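Following: one structure in structure tokens, then a few remarks.
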Amino acid sequence: MTAATVDKSGDRVRRMFGEIAPNYDLMNHVLSCNVDHYWRWQTTRLVPPDGSDSPILDCCTGTGDLAFAYHRAVKGKVPVVGTDFTPEMLAIAETKRDRRKINGIEFKEADSQNLPFDDDTFQIVCVAFGLRNIADTDRGLREMTRVCRPGGKVAVLEFSMPTWQPMKWGYGFYFRNVLPRIGQLFARNRSQAYEYLPQSVGEFPSGQALADRMLQAGLSKAWFKPMTFGIATIYVGEK
């Protein structure tokens, strides 16, 4: 793998997401044509709760959408925790929770490279569109594996690039040239967040390469499933 050129330092990523937080949900839904809702729902179907009372952890939770999806999947009967190191994102997640009068979801400020939880705690440890933003991918995966209990699952939902033509060419053009301009127009920020998006996706390992990194992090099995012509991929590892 070539050396990374995108600046993923903690300060830059925290500042960038803090700047776009007020428009983050709207832009996600607009730029994905609302398909992001389906991807999160599909994650809860492919990695379902195991029926125990062990909690579920959503790392890099942002405004909490995957945490909310898992809360619905367990019908509020299992604690769900969402962590993120961007206070502005967590404030929106908490506002959404309180406005909907949801009990059973806790949001904590935490760096996914140093999770403040004991070993073997969670039945599911998941992350949606956040793993590629962690400065040290392997350290993040090791932490997710550490806090997952034996027999539990680690789930990673991440952007990927289609491999089928002409979808590969068309989506690649949109992703690199159109999306950043729309994003910057509606969510103006000094950190060029929507230029960072295609750059970070382009450099991030995908397919078997990321599955292999999950195995190297200590998981015993790993598989992946592309979704929506390969625009996104769900990766699942078992501990």
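All values reported here derive from a predicted model rather than from experimental measurement.
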query = What pairs with Asp119 under salt bridge (charged side-chain N to carboxylate O under 4.0 Å, His left out), at least two apart in sequence or on another chain?
reply =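 If we apply the salt bridge (charged side-chain N to carboxylate O under 4.0 Å, His left out) test to Asp119, skipping adjacent residues, the hits are Arg146.
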
Just checking, any donor-acceptor pair under 3.5 angstrom between side chains of [X] and [Y]?
X: Asp212; Y: Gln216; value: no
X: Asp7; Y: Ser9; value: yes
X: Thr137; Y: Arg132; value: no
X: Asp84; Y: Thr61; value: no

inquiry  = Taking the cut-offs as 6.0 angstrom to the six-membered ring centre and 45 degrees off its axis, would you call Arg100 and Phe68 a cation-pi pair?
reply    = yes

Are any of the side-chain heavy atoms of [X] and [Y] separated by less than 4.5 Å?
X: Asn133; Y: Lys8; value: no
X: Trp39; Y: His37; value: no
X: Asp36; Y: His29; value: yes
X: Phe129; Y: Leu157; value: yes
X: Val147; Y: Leu57; value: yes
X: Leu46; Y: Lys225; value: yes
X: Gln123; Y: Pro49; value: yes
X: Cys126; Y: Tyr70; value: yes

request  = Count the heavy atoms belonging to other residues, nucleotides or ligands that lie under 6.0 Å from CG of Asp98, then report whether that count exceeds 12.
outcome  =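 Buried by this count: over 12 neighbours within 6.0 Å.
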
Can you get from [X] to [Y] by hopping between Ile, Leu, Val, Met, Phe, Trp and Tyr side chains that sit under 4.5 Å apart?
X: Phe173; Y: Met161; answer: yes
X: Met227; Y: Phe159; answer: yes
X: Leu215; Y: Val156; answer: no
X: Phe117; Y: Val127; answer: yes
X: Ile231; Y: Ile234; answer: yes

request  = First locate atom CZ of Phe85, then atom CD of Glu109, and finally report the distance between them rounded to the nearest 0.5 Å.
outcome  =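 Going from the CZ atom of Phe85 to the CD atom of Glu109 covers 9.5 Å.
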
query = In terms of the angle between their ring planes, are Tyr38 and Trp41 parallel, tilted or perpendicular, with boundaries placed at 30° and 60°?
reply =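 Aromatic pair Tyr38/Trp41 classed tilted.
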
request  = Only pairs at least two apart or in different chains count here, so list each salt bridge (charged side-chain N to carboxylate O under 4.0 Å, His left out) that has a residue in residues 58-78.
outcome  =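 Every pair satisfying salt bridge (charged side-chain N to carboxylate O under 4.0 Å, His left out) with a residue in residues 58-78: Asp65-Lys96.
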
